A.B. asks: 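Quick one: this structure, given as structure tokens, is what I'll be asking you about.
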Protein chains: 2
Amino acid sequence: MDSTWSALADPHRRAMLDVLRERACAVGELVEELGFTQPTTSKHLRVLRKAGLVRVRTEAQRRIYSINAEQMAELDAWLAPFRQLWNERLDALGHHLDKDEHSHSRKQTDED
Amino acid sequence: MDSTWSALADPHRRAMLDVLRERACAVGELVEELGFTQPTTSKHLRVLRKAGLVRVRTEAQRRIYSINAEQMAELDAWLAPFRQLWNERLDALGHHLDKDEHSHSRKQTDED
DNA sequence: CCCGTATATTCCTTGACGCGTATATACGTG
DNA sequence: CACGTATATACGCGTCAAGGAATATACGGG
């Protein structure tokens, strides 16, 4: 899914997921815990909900949000084929430690 | 890292990573394979590079891009604590299949 | 040194996003 | 039904990212 990844692009939303991973929370608890305003929190929760990353359970006036593990599993599913790459790399490091003369310690990725 | 996640928010860039996972590619090959224009491809590659998700190797005029497995591993590291959640869920399904009366089959996430 | 190939960058416009403020809706209580 | 609590939404604004077209840079060959 596309909205799933764009939902994770925002660090605030990842922080919310980190909290929700510990326990399901009402909106007000997230507001207290993270310090965002209530409308902002609700709007981020809406994005997470549309992305399928969280689900809601209504409990009187309160909305209890919790992680939707299945959607998180989809993220993991996309990541899974890449996992083989760093396993190979770790394996390679074990075999011939300095074959690439530590060239990976050069920072060539943030040359801006 | 923050730029790492925002880089993945774009489906084009995820597609590029999917290609690069199979084999390292020059820019031109990515252009052919994915059908984006050359400037667009270069710009997306720049984002991926700044995010640390790919690295470049210069080879005459061509720039060979490849996955940076270490940064992908960081994504996996963030995802890891959540993995426990769906393992628990799968485990729970195994033990008492319909304890939550299949409530997770209701789509309450895309109510927009 | 000029040229062709390969790639990066700039400029510009447009659309999406996040925040804050204000307001609307839902729910329980007296 | 008026009220307070809890949450969601609408609006206006500033910022930012993406795409297209044009241009600039790097490299190798004759």
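Residue numbers start from 1 in every chain, and the chains themselves are labelled A, B, ... in the order their sequence lines are given, proteins ahead of strands. Please read all numbers here as calculations on a predicted model, not as lab measurements.
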A.B. asks: Quick one: does A:Arg55's side chain have a donor or acceptor within less than 3.5 Å of a partner on A:Ser66's backbone?
C.D. replies: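 No; zero donor-acceptor contacts below 3.5 Å.
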A.B. asks: So, is A:Arg62 near the phosphate of C:dC27, with a side-chain N or O under 4.0 Å from OP1 or OP2?
C.D. replies: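 Result: no.
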A.B. asks: Using a heavy-atom cut-off of 4.0 Å across all strands, would you classify A:Thr37 as base, sugar-phosphate, or nothing?
C.D. replies: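 Sugar-phosphate, no base atom in range.
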A.B. asks: Report yes if a side-chain nitrogen or oxygen of B:His44 is closer than 4.0 Å to either non-bridging phosphate oxygen (OP1 or OP2) of D:dG19; otherwise report no.
C.D. replies: yes
A.B. asks: Counting side-chain heavy atoms from CB outward, which of C:dT9, C:dG28, D:dC27 is closest to B:Arg46?
C.D. replies: C:dT9
A.B. asks: If I take atom CG in residue B:Leu8 and atom P in nucleotide D:dA17, what distance separates them, rounded to the nearest angstrom?
C.D. replies: 15 Å
A.B. asks: What is the separation between atom CG on B:Leu30 and atom C1' on C:dA8, rounded to the nearest whole Å?
C.D. replies: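 That distance rounds to 15 Å.
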A.B. asks: Is A:Leu75 close to B:Leu79 at the side-chain level, that is, under 4.5 Å between some pair of heavy atoms?
C.D. replies: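 In short, these two side chains touch, coming nearer than 4.5 Å.
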A.B. asks: Side chain of B:Ala60: nearest nucleotide among C:dT7, D:dA10, D:dG28?
C.D. replies: D:dG28
A.B. asks: Can you see whether B:Thr4 engages B:Glu74 through a side-chain donor-acceptor pair at a distance of less than 3.5 angstrom?
C.D. replies: no
A.B. asks: In whole angstroms, how far is the P atom of C:dC17 from the CH2 atom of B:Trp5?
C.D. replies: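 Roughly 18 Å, once rounded to whole Å.
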A.B. asks: Between P on D:dA17 and CG on B:Leu48, what's the gap in Å once rounded to a whole number?
C.D. replies: 14 Å
A.B. asks: Using atom NZ of B:Lys43 as one end and atom C1' of C:dA6 as the other, report the distance to the nearest whole Å.
C.D. replies: 17 Å
A.B. asks: Which nucleotide wins on minimum distance to the side chain of A:Pro39, given the candidates C:dT5, C:dT21, C:dC27?
C.D. replies: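 Of C:dT5, C:dT21, C:dC27, C:dT21 is nearest to the side chain of A:Pro39.
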A.B. asks: Are B:Val19 and B:Met72 linked, directly or through intermediate hydrophobic residues, by side-chain heavy-atom contacts shorter than 4.5 Å (ILVMFWY only)?
C.D. replies: yes
A.B. asks: Separation of A:Arg63 atom CZ from D:dT5 atom P, in whole Å?
C.D. replies: 18 Å
A.B. asks: On a plain distance test, is the side chain of B:Gln38 in donor-acceptor contact with the base of C:dA6 below 3.5 Å?
C.D. replies: no
A.B. asks: Picking from C:dT9, C:dG20, D:dT7, which would you name as closest to the side chain of A:Val27?
C.D. replies: D:dT7
A.B. asks: When the distance from CG of A:Leu34 to C1' of D:dT7 is rounded to whole Å, what number comes out?
C.D. replies: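 It is 16 Å, rounded to the nearest whole Å.
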A.B. asks: Side chains of B:Phe36 and B:Met16: closer than 4.5 Å at any heavy-atom pair?
C.D. replies: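 The answer is yes, as the side chains (C-beta and beyond) meet within the 4.5 Å cut-off.
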A.B. asks: So, is A:Thr40 near the phosphate of C:dG20, with a side-chain N or O under 4.0 Å from OP1 or OP2?
C.D. replies: yes
A.B. asks: Would you please indicate if the ring centroids of B:Trp78 and B:Phe82 are separated by under 6.0 Å?
C.D. replies: yes
A.B. asks: Pick the closest DNA chain C nucleotide for A:Glu59 and for A:Arg13 by heavy atoms, then say which residue is nearer the 5' end.
C.D. replies: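 Here A:Arg13 is the residue nearer the 5' end.
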A.B. asks: Please pick, from D:dA8, D:dT9, C:dG28, the nucleotide with the shortest atom-to-atom distance to any side-chain atom of A:Gln61.
C.D. replies: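 The answer is C:dG28, which lies nearest to the side chain.
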A.B. asks: Taking for each residue the nucleotide of DNA chain C with the nearest heavy atom, is it A:Thr58 or B:Ala26 whose nucleotide lies nearer the 5' end?
C.D. replies: B:Ala26
A.B. asks: Just checking B:Phe36: base, sugar-phosphate only, or nothing, at a heavy-atom cut-off of under 4.0 Å?
C.D. replies: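 No contact at all - B:Phe36 keeps every heavy atom at 4.0 Å or more from the nucleic acid.
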A.B. asks: Send over the distance from A:Leu45 CG to D:dA8 C1', rounded to a whole Å.
C.D. replies: 11 Å
A.B. asks: Hey, does B:Ser42 reach any base, or is it just sugar-phosphate, or nothing, if we go heavy atoms under 4.0 Å?
C.D. replies: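 Base contact.
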A.B. asks: Is any side-chain nitrogen or oxygen of B:Tyr65 closer than 4.0 Å to OP1 or OP2 of C:dA8?
C.D. replies: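 Looking at the OP1 and OP2 atoms of C:dA8, one of them is under 4.0 Å from a side-chain N or O of B:Tyr65.
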